[in-house]
Amino acid sequence: MKIGYPCINRSIGCTPNRTFRLASYSKERLIETIEMNLESLEMMIEYNIERGLLFLRITSSIIPFASHPVCRYDWKRHFKAHLRSIGKMIKKAKMRISMHPDQFTLINSKDVHVYKRAVRELEYHADILDLMGLNRDAKIQIHVGGVYDDKLASMKRFIARYRKLSKKVRKRLVIENDERLYSLFDCLVISKAAKIPILFDSFHHSILNNDENYYDALKSVSKTWKRLDGLPMVDYSSQRPEGRVGAHTESIDLENFKKFLKSVDGIDFDLMLEIKDKEESALKALHLSRHLHLK
DNA sequence: AGTTGTCAAGCTAGT
DNA sequence: ACTAGCTTGACAACT
């Protein structure tokens with residue numbers, strides 16, 4: 001099991017998340033920001049490798065405005081070598097990579113313009129992973145999308161639109177169960193029809209479910225990942241005390257985490273900790289997982 | 001230097 | 001038909 005945290009590190013003093021306002025867009029500003037982001041990403045990767053955190057989610061903001069019409073600069077060509085060298089570091093360390101486009105990336109939208117923008121956004125994510133030279137176990141995770149007053153029709157639209165995606169996107173795209181609209185069960189229905197792997201979010205599942213326990217849930221999800229897809233990816237978080245239902249905790253609750261690990265003991269997967277204090281909790285989790293006597 | 005409002009993108013629930 | 005809320009880090013404009 002590889003363990004990681006998403007997008008940013010709070011202790012190295014730089015972020016791969018830098019962006020700027022659309023109003024201040026310029027080619028120079030774009031290049032400068034991407035350069036800083038890629039350097040920060042490299043520092044983050046080094047930090048993680050040194051500490052044994054081998055699962056990383058790369059932020060979607062790494063190339064600001066990448067899929068926006070304002071961005072007509074050929075950043076792919078300009079940063080090809082840099083991205084390739086980052087990919088080499090990743091592969092050398094056998095690090096696992098995921099990306100998670102934002103909530104407006106909706107391929108099942110009724111609005112065809114939203115759908116088209118989503119496709120461009122997914123292509124951009126796939127380009128990053130391709131330019132890094134990563135194999136198809138590097139994944140792009142999205143939610144199924146909106147319900148639009150007709151869940152079945154919206155699920156069908158997802159499947160039909162998924163089938164039309166380019167191969168470079170399809171080989172990396174996975175769906176994640178959410179906590180309000182599409183449960184694990186819904187995802188399984190879609191997965192069966194579209195042959196798309198499911199990324200299991202344990203926290204969402206604890207809020208929206210059909211009474212499947214973690215073990216059975218993860219077992220059924222594991223079957224949706226083929227050999228070339230790599231191990232299943234799992235997102236883990238827990239409820240922030242006194243927060244709104246679904247609010248992610250500030251810092252890892254080790255008792256809850258231990259219980260979760262024990263409940264899915266015997267199933268192999270890579271684990272992303274969606275916790276606000278990022279690397280701090282990830283390191284605690286890594287330490288705990290190494291000292292638990294599991295199968 | 002520190003604080004606060006605002007930012008490319010959408011959906012849903014509530015009025 | 002319209003708007004607040006979701007969630008969230010960092011920019012940008014303001015004290």
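This one's a predicted model, so the numbers in the text were calculated from it and none came from an experiment. Naming: A, B, ... by sequence-line order, numbering from 1 per chain.
Look at CG on A:D178: it is 13 Å from C1' on C:dC6, rounded to the nearest Å. Between A:D102 atom CG and C:dT8 atom P there is a gap of 10 Å when expressed in whole angstrom units. Rounded to whole angstrom, the span from the CD1 atom of A:I12 across to the P atom of C:dG9 amounts to 16 Å.
Annotation: C:dA1 and B:dA9 have their P atoms spaced 22 Å apart (nearest Å). Comparing the same atom, P, in C:dT3 and in B:dT6 gives a spacing of 16 Å after rounding to whole Å. The separation of B:dA8 from C:dA12, taken at their P atoms, amounts to 9 Å, rounded to a whole angstrom. Rounded to the nearest Å, the gap between the C1' atom of C:dC6 and that of B:dT3 is 24 Å.
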Check: residues 250-259 of chain A side-chain donor-acceptor pairs under 3.5 Å, at least two apart:
from   : atom 1 : to     : atom 2 : distance (Å)
A:S251 : OG     : A:D277 : OD2    : 3.0
A:D253 : OD1    : A:E255 : N      : 3.2
A:D253 : OD1    : A:N256 : N      : 3.2
A:N256 : OD1    : A:Y236 : OH     : 2.7

Under 3.5 Å, side-chain donor or acceptor atoms of residues 81-88 of chain A against the rest of the protein: list the pairs with distances, not counting sequence neighbours.
from  : atom 1 : to    : atom 2 : distance (Å)
A:H82 : NE2    : A:E42 : OE1    : 2.9
A:S85 : OG     : A:H82 : O      : 3.2

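Residues A:H248 and A:F203 place their aromatic rings such that the two centres sit under 6.0 Å apart.
Note that CG of A:L129 is 4.5 Å distant from CZ of A:R172, once rounded to the nearest 0.5 Å.
Every residue two or more places apart in sequence or in another chain that forms a ring-ring contact (aromatic ring centres under 6.0 Å, His included) with A:Y214 is listed here: A:F260. Every side-chain contact (heavy atoms from CB on, under 4.5 Å) that A:L283 has, sequence neighbours left out, goes to A:Y47, A:R51, A:L53. In this structure, the side-chain contact (heavy atoms from CB on, under 4.5 Å) partners of A:A118, at least two apart in sequence or on a different chain, are A:T105, A:I107. Residues satisfying the side-chain contact (heavy atoms from CB on, under 4.5 Å) test with A:K2, not counting sequence neighbours, are A:L54, A:F55, A:K94, A:R96, A:D270.
Between the side chains of A:N9 and A:S11, at least one donor N or O sits under 3.5 Å from an acceptor N or O. Between the side chains of A:E123 and A:S166, at least one donor N or O sits under 3.5 Å from an acceptor N or O. A donor-acceptor contact under 3.5 angstrom links the side chains of A:R18 and A:S40, judged on distance only.
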Base-pair string, DNA chain B, Watson-Crick plus G-U, cut-off 3.5 Å on both distances, | for inter-strand, is |||||||..||||||

Under-3.5 Å N/O pairs linking protein and nucleotides 11-15 of chain C:
from   : atom 1 : to    : atom 2 : distance (Å)
C:dC11 : O2     : A:R21 : NH2    : 2.2
C:dA12 : OP1    : A:R21 : N      : 3.0
C:dA12 : OP1    : A:S24 : OG     : 2.6
C:dA12 : OP2    : A:R29 : NH2    : 2.9

Please assess A:H143 against A:Y182 for the test ring pair (Phe, Tyr, Trp, His ring centres under 6.0 Å), listing each intermediate value before the final yes or no.
CA-CA 8 Å; A:H143 296 287; A:Y182 292 97; 9.5 Å; no

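Counting non-hydrogen atoms of other residues, nucleotides and ligands closer than 6.0 Å to NZ of A:K76 gives a total of 12 or fewer. Dense packing is recorded around OH of A:Y25, with more than 12 heavy atoms of other residues, nucleotides or ligands lying under 6.0 Å away.
A:P16 approaches A:I8 most closely through the heavy-atom pair CD-CG2, 4.2 Å.
Contacts between residues 143-154 of chain A and DNA chain B, defined by a heavy-atom separation under 4.0 Å, are made by A:G146, A:V147, A:Y148. Within residues 118-128 of chain A, the residues having any heavy atom under 4.0 Å from DNA chain B are, by residue number, A:E121.
Mapped onto DNA chain C by nearest heavy atom, A:R180 and A:K276 fall at different nucleotides, with A:R180 at the one closer to the 5' end.
Mapping heavy-atom proximity under 4.0 Å, the span of DNA chain B touched by chain A runs 5' to 3' from B:dG5 to B:dT12.
Residue contacts for A:S109: at a heavy-atom cut-off of 4.0 Å it reaches the sugar-phosphate backbone alone, with no base atom in range.
The other residues sharing a hydrophobic cluster with A:Y148 are A:L106, A:V114, where clustering joins ILVMFWY side chains under 4.5 Å apart.
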